[in-house]
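Along the sequence shown, the residues carry numbers beginning at 1. No hydrogens, no waters, no symmetry mates; every other heavy atom, side chains included, goes into these values. Read the numbers this way: they start at 1 and go in the same order the structure lists the ligands and their atoms.
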Amino acid sequence: MAERIEIVNARMADSGAPLSVRLDGEQIEWVGPPEDMPNDASITRRIDAQGQVLLPGFCDSHLHLFWGGVTLDQLDMLQITDREAATSALRAFASQHPDEQLLCAFSANYTFLGAGTRPDRHALDAIVPDRALLIMAVDGHTAWANSAALELAGLTDAVPHLRGAEVVCDTSGAPTGELREGGAMDLVQRFAANGGREGICMAGDEPAASASDRARDKATLRRALATCASYGITTAVNMDGNLYQASLLGEMAQAGELPIRVSLPMRIAPHHDAARIAALIEAAQQPPIGKLSFGRIKMFMDGVFDSWTAYRTDDYPGREGDRGEPLFTPAQFNAICCQADAAGLQIQVHCVGDAAVRATLDGYQAAQQANGARDARHRIEHIDLLHPDDLKRFSQLGVVASMQPVHPPGSSGLPLEPTVSIIGRNRWGDTFPWAALHHAGVPLAFGTDWPTAPLSPFNAIHAALSRQPWAPDCPDQRLPLSEVLHAYTAGGAYAVFAEGARGHLAPAQQADLVLLSHDPHDLALDATTCHATLTICAGDIIHEVSR
Ligand SMILES: [Zn+2]
């Protein structure tokens, strides 16, 4: 029989008013002031919230469960900002992992060796000369290998020419150690203890997987999901779907092993042929399996600013004629949009530069013209730079903005440079425009893009509440706490067509809840104190610490 849980002595986030909630199995049965709660003898568990704030469970609208799970074993370099700190952290990590063939670190800032120094193999050799080392940049689009790692991967002189990826070489043709995009990073990553499994979902293809690979990969997903639960996340949009990950998660969902709800968009890449695209669209049309749902596809329109791969409407500062490039031709992209939209699917596209946003809106418009208008809620992910002319097109096309408050340089441990110079001073006012989009009536869904940023929603909410403009003439993009929480709960639910089922504390909504250790208003000042003391998903307690 389903548990009947009662949570008493909780508080509402906005007003601080006392609140009690009763759950009947997977659903919320009753919500209201404690004095109005009817007596019920069939309650199986009563939880005293001790005055803590109760929210609908968080929805992280953009993360990478598998890659995030892999990084739980790697060195996190996000907080490292100079050579000295990098040296001691990397050397300590190397001595703690004496048997690793390839040492892996992640979330490194582009300036982790100090401002103005771009990492290369020589700099890494000076820190770790005798072991192979690979450091992934914070955005996941660039990595740096030392000489031992390049040697391990056979990247000594002649390097392969890759589509949409690059082993960067110096003028003599020798690799510098910089690897751009998954196709290049894979060449080295595959020597990691986990076989470079972080790349298996990112590249958009199907990895080879033995029975033991499957077991290990499921264990990685399990750890990632448990980490989500520990932060109060009850819905995760896992952005790198392929048929392999769909089958792993499908088996886990079938067996009731998913602690939280997972939405899995199927990733379509530019190199996919018609048969592959058709297979992915068909997979995306399958009905939900337990807590696992489909219904959407994901594409990348461009890269990131730090490697000059974001596709923009104007030239990069100091690089005449260079605006980056779209990863899809307009004809190719629009055709996929029309095909997926006709199949009733939602489309989600990574767009960092403003030309990428524009090309994606063009694709959504083409789909609407071809198939007729419907409540499609196609999404754009990231939107680091938006051309003002395109703002109103979001509402016209019913597009959802899926954004990550942890991404603006200057927030959440990210340095301003080199990114703000690569963007260019004249465009600072058009960056990460979540308040501008909100005020234009565009639905917002927040997330972290974990592991490119910490998974903690509290850290992300802090970043959203405390973001500072880069210059006095830049607009203030902060939103009030109520809107930030909305984008992390109801906004996330809307963005996966689940607003009727979750994202609100109301009867008949799914019993997905989180209790916070501290008043979320305090998050404007402090990211680290607040944590989840209780997470409930579908009526099951999936995380609990002492209150
Ligand atoms: Zn992502």
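Note on His62: counted as a metal contact of the Zn ion (ligand 1), an N/O/S atom lying under 2.8 Å. At a cut-off of 2.8 Å, His382 is not counted among the residues with an N, O or S atom near the Zn ion (ligand 1).
More than 12 non-hydrogen atoms from other residues, nucleotides or ligands lie less than 6.0 angstrom from CD of Glu257. For Glu282, the CD atom counts as loosely surrounded, since its 6.0 Å shell holds 12 or fewer non-hydrogen atoms of other residues, nucleotides or ligands.
Under the salt bridge (charged side-chain N to carboxylate O under 4.0 Å, His left out) criterion, the residue pairs touching residues 384-405 are Arg358-Asp390, Asp362-Arg393, Asp390-Arg393, with sequence neighbours excluded.
With respect to the Zn ion (ligand 1), Asp449 has OD1 as its nearest N, O or S atom.
Side chains of Thr142 and Tyr110: a donor on one and an acceptor on the other come within 3.5 Å.
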